[in-house]
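Heads up: numbering here begins at 1 and tracks the sequence.
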Amino acid sequence: LLSGIAVPSGTLSGIRGGFGTTSTIAIAGGLANGSSYLLDGGFHNDPMNNAPQPFPFPEALQEFKVETSALNAQYGRHSAGVVNAITKSGTNTFSGTGFEFYRDARLNSTDPFAAIGADGKPTNDGLRRHQAGGTLGGPIKTNKVFFFGGYQGTFLRQTPTSNFEFVP
């Protein structure tokens with residue numbers, strides 16, 4: 001979606017394992033499932049419905065490129081566009097990163113659709129969301145063998161909203 005010529009295009013029926021629906025992105029006006037996704041040069045589309053497979057989290061990606069129109073013959077499978085993502089790898093020096101994204105209900109604005117409590121004020125959903133992880137890479141044998149690994153975890157606590165609806 002960062003390329004400017006890509007837009008969310010809805011969902012495809014969930015053929016894979018009954019997990020509902022798969023979100024898709026239309027590139028350069030093409031079909032929702034008309035794009036090719038590559039991860040480290042390998043085909044990364046779901047063979048059942050041609051939707052993209054999940055990519056690694058952003059901290060584990062080195063770079064990505066979106067190509068559209070007049071694609072090379074090597075991308076002859078799809079008409080809309082090609083997204084090529086490359087993951088990081090280890091080097092001769094140890095390096096790593098760490099991150100945390102934190103959300104808390106106390107830091108959010110009031111939800112205009114929040115349920116109204118007995119005191120007449122909107123209720124708090126009690127949101128506490130921590131998304132944390134990191135990466136580490138380095139040499140196993142200098143100039144020969146390297147390693148790289150990453151982890152991301154999301155920890156979520158939230159009070160669900162009421163499912164009751166009143167229709168006149």
Side-chain angles (χ1 to χ4, degrees), residues 1-108 127-158:
L1 294 174
L2 295 174
S3 69
I5 56 171
V7 295
S9 62
T11 57
L12 298 172
S13 63
I15 297 172
R16 294 182 294 166
F19 291 111
T21 57
T22 303
S23 297
T24 58
I25 297 172
I27 299 175
L31 296 171
N33 59 352
S35 300
S36 182
Y37 294 86
L38 304 173
L39 181 62
D40 291 331
F43 187 61
H44 201 65
N45 286 46
D46 185 338
M48 297 298 268
N49 58 12
N50 206 37
Q53 296 280 3
F55 276 109
F57 59 98
E59 199 66 28
L61 288 177
Q62 179 71 33
E63 62 183 281
F64 71 93
K65 180 169 69 171
V66 179
E67 295 186 58
T68 61
S69 68
L71 298 172
N72 294 334
Q74 70 190 43
Y75 304 127
R77 297 179 68 129
H78 300 98
S79 60
V82 176
V83 177
N84 191 0
I86 307 297
T87 56
K88 292 180 181 177
S89 62
T91 62
N92 279 328
T93 59
F94 286 98
S95 63
T97 60
F99 63 90
E100 179 185 15
F101 301 107
Y102 176 66
R103 289 185 57 200
D104 193 297
R106 294 174 292 169
L107 304 173
N108 291 344
L127 174 68
R128 287 187 174 209
R129 184 177 193 270
H130 293 272
Q131 188 173 356
T135 62
L136 180 65
I140 293 176
K141 185 172 182 184
T142 307
N143 292 328
K144 299 283 184 184
V145 181
F146 309 99
F147 76 93
F148 180 82
Y151 170 78
Q152 174 180 302
T154 301
F155 312 99
L156 178 65
R157 288 185 184 169
Q158 186 173 15

Could you list the donor-acceptor pairs under 3.5 angstrom formed between side-chain atoms of residues 95-105 and any protein atom two or more places apart in sequence or on another chain?
residue: T97; atom: OG1; partner: E59; partner atom: OE2; Å: 3.0
residue: T97; atom: OG1; partner: T135; partner atom: OG1; Å: 2.8
residue: E100; atom: OE2; partner: H130; partner atom: ND1; Å: 2.8
residue: Y102; atom: OH; partner: D104; partner atom: OD2; Å: 2.5
residue: D104; atom: OD1; partner: R106; partner atom: N; Å: 2.8
residue: D104; atom: OD1; partner: R106; partner atom: NE; Å: 3.2
residue: D104; atom: OD2; partner: R106; partner atom: NH2; Å: 3.1

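Pairing each heavy atom of A80 with each of G30, the nearest pair is CB-CA, 3.6 Å. Nearest heavy-atom pair across S35 and N45 is O-ND2, 2.9 Å. Residues P54 and H44 share a closest heavy-atom pair of O-NE2, 3.0 Å. Nearest heavy atoms, G134 versus F57: O-CZ, 4.1 Å. Scanning all heavy atoms of the two residues, the minimum distance from P139 to F146 falls at CA-CD2, 4.0 Å.
Here P56 pairs with L39, A60, L61, T87 under the side-chain contact (heavy atoms from CB on, under 4.5 Å) rule; sequence neighbours left out. Applying the side-chain hydrogen bond (donor to acceptor under 3.5 Å, both in side chains) rule to N84 yields no partners; only residues at least two apart in sequence or on another chain are considered. The side-chain contact (heavy atoms from CB on, under 4.5 Å) test applied to V83 returns I27, Y37, V66, not counting sequence neighbours. Partners of R129 by side-chain hydrogen bond (donor to acceptor under 3.5 Å, both in side chains), not counting sequence neighbours, listed by chain and number: Q131.
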Starting from the C-alpha separation in whole Å, work towards a yes-or-no answer on salt bridge (charged side-chain N to carboxylate O under 4.0 Å, His left out) for E67 and K65. CA-CA 6 Å; E67 295 186 58; K65 180 169 69 171; 3.4 Å; yes

Between L38 and I86, is the side-chain contact (heavy atoms from CB on, under 4.5 Å) condition met? List the steps. CA-CA 8 Å; L38 304 173; I86 307 297; over 6 Å; no

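F147 places none of its side-chain heavy atoms less than 4.5 Å from the side chain of S89.
Pairs engaging residues 140-155 under the side chain to side chain donor-acceptor pair (under 3.5 Å) rule: N92-N143 [sequence neighbours left out].
More than 12 heavy atoms of other residues, nucleotides or ligands sit less than 6.0 Å from atom CZ of F55.
L127 CG to N108 CG: the interatomic distance, rounded to the nearest 0.5 Å, is 6.0 Å.
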